[in-house]
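Quick notes on the structure that follows.
Atom set for the values below is all heavy atoms of this structure, side chains included, hydrogens, waters and symmetry mates excluded. Naming: A, B, ... by sequence-line order, numbering from 1 per chain.
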2 protein chains.
Amino acid sequence: MDDWDDYRLILALHRSGSLRGAAKLLGVNHSTVSRRLAALQAGSAGILFEQLASGYRPTEAGAKMVSAAEDMEEIAQRAERQQRAAGSADKGPITLSLPEAIGQFLLLNEIAAFCKLYPDIDLTIISSYGFANLDRSEADIVIRGTGKPPEHLVGRRLFPYALSHYCRRGYLDETPPDARRWLGTAYSWSRDEWKAASPFSAAPTLYTMSDLTMRHKALLAGQGMARTACYMADPEPDLVRLPGAKTVQGQDLWVLTHPDLKDTPRIKTLMRYLCGAIIAKRALIEGNHI
Amino acid sequence: MDDWDDYRLILALHRSGSLRGAAKLLGVNHSTVSRRLAALQAGSAGILFEQLASGYRPTEAGAKMVSAAEDMEEIAQRAERQQRAAGSADKGPITLSLPEAIGQFLLLNEIAAFCKLYPDIDLTIISSYGFANLDRSEADIVIRGTGKPPEHLVGRRLFPYALSHYCRRGYLDETPPDARRWLGTAYSWSRDEWKAASPFSAAPTLYTMSDLTMRHKALLAGQGMARTACYMADPEPDLVRLPGAKTVQGQDLWVLTHPDLKDTPRIKTLMRYLCGAIIAKRALIEGNHI
DNA sequence: TCGCACCGGTGCAATATTGCACCAATGGAT
DNA sequence: ATCCATTGGTGCAATATTGCACCGGTGCGA
């Protein structure tokens with residue numbers, strides 16, 4: 001193989017099964033993938049992928065190349081982590097992945113304070129509800145609420161966050177019972193069972209949305225009721241819990257990093273800091289801040 | 001690393017220590033290496049190579065990338081051999097490396113006959129006195145006279161070839177003793193000790209040359225005397241051994257391939273054929289053909 | 001049957017990359 | 001001191017590669 005980057009092409013095509021899917025994985029145009037595949041197979045003794053109605057599938061020879069490509073990817077990813085693990089002081093780049101809600105409502109000030117404390121650490125925040133892949137260095141540290149973190153990651157399991165049912169102060173007084181509405185969440189793990197446990201389980205849902213920040217603003221605007229994280233709602237003077245609402249236990253909060261990075265000083269510094277900041281707000285997070 | 005081919009760049013620069021040396025290894029222009037290195041280090045958190053008076057040397061971070069690159073090279077080479085090992089019939093490509101002398105004087109007809117016997121085998125001959133690197137698929141099969149073959153290659157050790165001292169028929173009669181000359185060989189393993197064992201050890205050397213074929217023609221042209229392989233000289237009716245000349249034992253002839261290829265049918269077919277062809281000419285090769 | 005989303009393929013222009021030619025610097029041999 | 005071979009660096013032209021826009025085909029859902 002004259003260009004080892006062709007192994008990335010092979011991997012992407014194997015994983016996606018299509019030119020366009022591979023293009024997406026590689027961050028290039030699908031016509032580029034088409035041409036590179038043609039050139040690759042022209043220079044090879046045999047074809048590596050056959051084109052079925054269901055998509056591209058590796059031939060026997062291609063499957064061996066896929067296996068080799070997987071090995072290479074592992075080496076490349078390990079090498080990248082080794083590069084990122086370099087550094088013997090509190091300086092250098094760190095990429096932190098965390099849910100938008102935690103970034104905006106829980107740790108916004110703490111993150112800024114950290115950057116002031118450690119001006120030589122270049123912190124990049126990736127707000128996402130997806131679980132960043134630390135193997136491929138999509139992030140160095142990840143904060144996530146989950147019941148089942150990847151087992152090879154290391155770090156701390158803190159405590160579960162609490163949720164409860166809220167509305168804008170005065171909403172119930174000002175809204176006839178038949179006009180009361182729920183603001184829903186479009187996440188599959190947040191099915192309607194949360195509504196059943198609420199004081200107004202019969203009220204219909206006004207609309208659902210994937211953006212928790214938008215829902216928070218809708219709540220603040222008095223558009224309806226919602227079950228939301230206590231650390232988002234309790235700090236708001238204009239939001240109150242619905243009468244009789246209990247806190248519900250969400251998933252555990254974890255602060256995790258890759259084993260290859262756990263000994264890097266600046267990583268340890270940020271991990272320690274984040275855990276400290278979250279623990280300092282334990283009462284709020286557990287819904288006991290009122 | 002966005003382009004895994006950068007690992008090849010890293011390897012080449014590490015191995016050569018210079019931009020021009022790396023360029024040679026990679027088959028590109030040195031300005032290309034310079035620019036790719038600059039781009040690579042610009043996109044990396046740290047520099048990978050420092051520029052000393054003695055050349056480029058990997059930094060600590062760079063050494064880790066070199067190690068990763070070496071691992072990747074091994075995978076790439078194994079993958080390439082796997083591709084070359086494919087095939088369940090006597091068809092497909094084979095690259096055979098052998099000394100020029102063996103190609104021109106010993107197996108010329110046999111190789112053509114093989115191609116006629118197996119028209120679906122695409123045979124490529126690389127005539128070279130260097131030892132082709134079968135790890136990097138420079139060849140699939142290698143024929144070589146050597147006392148110490150690479151231990152991981154597999155194949156057959158045949159028998160040593162013989163050499164003796166020759167001149168053109170009539171040379172001694174037509175050349176006054178003080179005008180007789182030797183035709184030398186510019187190979188380090190063929191020092192002047194061969195002249196000491198000759199019937200005319202005091203005669204000076206006319207000139208030396210690296211090209212054994214050229215020396216053969218010079219011998220045929222009556223330009224001097226030479227120690228040459230019996231399989232080259234004995235078949236020539238115009239060449240005779242010097243009076244009193246004995247045969248000298250050269251190195252063992254080996255026919256070798258890479259372990260990854262040894263089970264591939266077409267490889268086995270050619271290995272078997274070549275060994276058979278060489279064994280059929282054993283008398284000639286051992287100088288017993290007269 | 002129709003519309004839509006996705007697919008692979010390709011001409012052309014845009015962009016990136018490379019080679020060439022040249023330069024100055026360096027170090028070693030004479 | 002001089003010459004030569006090798007080095008790294010760079011402007012510019014040549015070449016390769018890529019993205020864009022578009023096309024026709026396919027399959028699925030309504």
query = Quick one: ring-ring contact (aromatic ring centres under 6.0 Å, His included) partners of H14(B), sequence neighbours excluded?
reply = none
inquiry  = At 10 degrees resolution, what angle do the end axes of the helix from dT1(C)-dA30(D) to dT30(C)-dA1(D) form when each is taken over five base pairs?
reply    = 30°
query = Does any residue of residues 20-36 of chain A have a heavy atom under 4.0 Å from DNA chain C, and if so, which ones, in number order?
reply = R20(A), H30(A), S31(A), S34(A), R35(A)
ask   = In whole angstroms, how far is the P atom of dA5(D) from the CG atom of L19(B)?
value = 21 Å
request  = Mind calculating the distance between CD (Q41(A)) and C1' (dG8(C)) to the nearest angstrom?
outcome  = 14 Å
key: E70(A): side chain to side chain donor-acceptor pair (under 3.5 Å) partners, not counting sequence neighbours   = none
key: Proximity to DNA chain C (any heavy atom under 4.0 Å), residues of residues 7-18 of chain B only   = none
task = Determine the minimum heavy-atom distance between D71(A) and R78(B), stating which atoms define it.
result = OD2-NH2, 4.1 Å
query = Please give, in whole Å, the distance from dA16(C) C1' to L40(B) CG?
reply = 17 Å
note = With sequence neighbours left out, the residues meeting side-chain contact (heavy atoms from CB on, under 4.5 Å) with P150(A) are F131(A), H152(A), L153(A)
note = Atom OH of Y56(A) and atom P of dC6(C) are separated, to the nearest Å, by 18 Å
task = Taking salt bridge (Lys or Arg N to Asp or Glu O under 4.0 Å) as the test, write out the residues that go with R181(A), two or more places apart.
result = none
query = By side chain to side chain donor-acceptor pair (under 3.5 Å), which residues pair with D6(B), not counting sequence neighbours?
reply = R36(B)
note = So the salt bridge (charged side-chain N to carboxylate O under 4.0 Å, His left out) pairs with at least one residue in residues 9-25 of chain A (sequence neighbours excluded) are R15(A)-E73(A)
ask   = Looking at residues at least two apart in the chain, or sitting in another chain, which of them share a ring-ring contact (aromatic ring centres under 6.0 Å, His included) with H216(A)?
value = F105(A)
message = Going by salt bridge (charged side-chain N to carboxylate O under 4.0 Å, His left out), name the pairs with one or both residues in residues 82-95 of chain B, residues two or more places apart or in two chains.
response = R84(B)-D140(B)
inquiry  = Under the rule for salt bridge (Lys or Arg N to Asp or Glu O under 4.0 Å), what residues qualify as partners of E50(A), not counting sequence neighbours?
reply    = R57(A)
ask   = Of the non-hydrogen atoms in L37(B) and L9(B), which two are nearest, and what is the gap between them?
value = N-CD2, 3.8 Å
ask   = According to a strict under-4.0 Å criterion, is Q51(B) in side-chain N/O contact with OP1 or OP2 of dA25(C)?
value = no
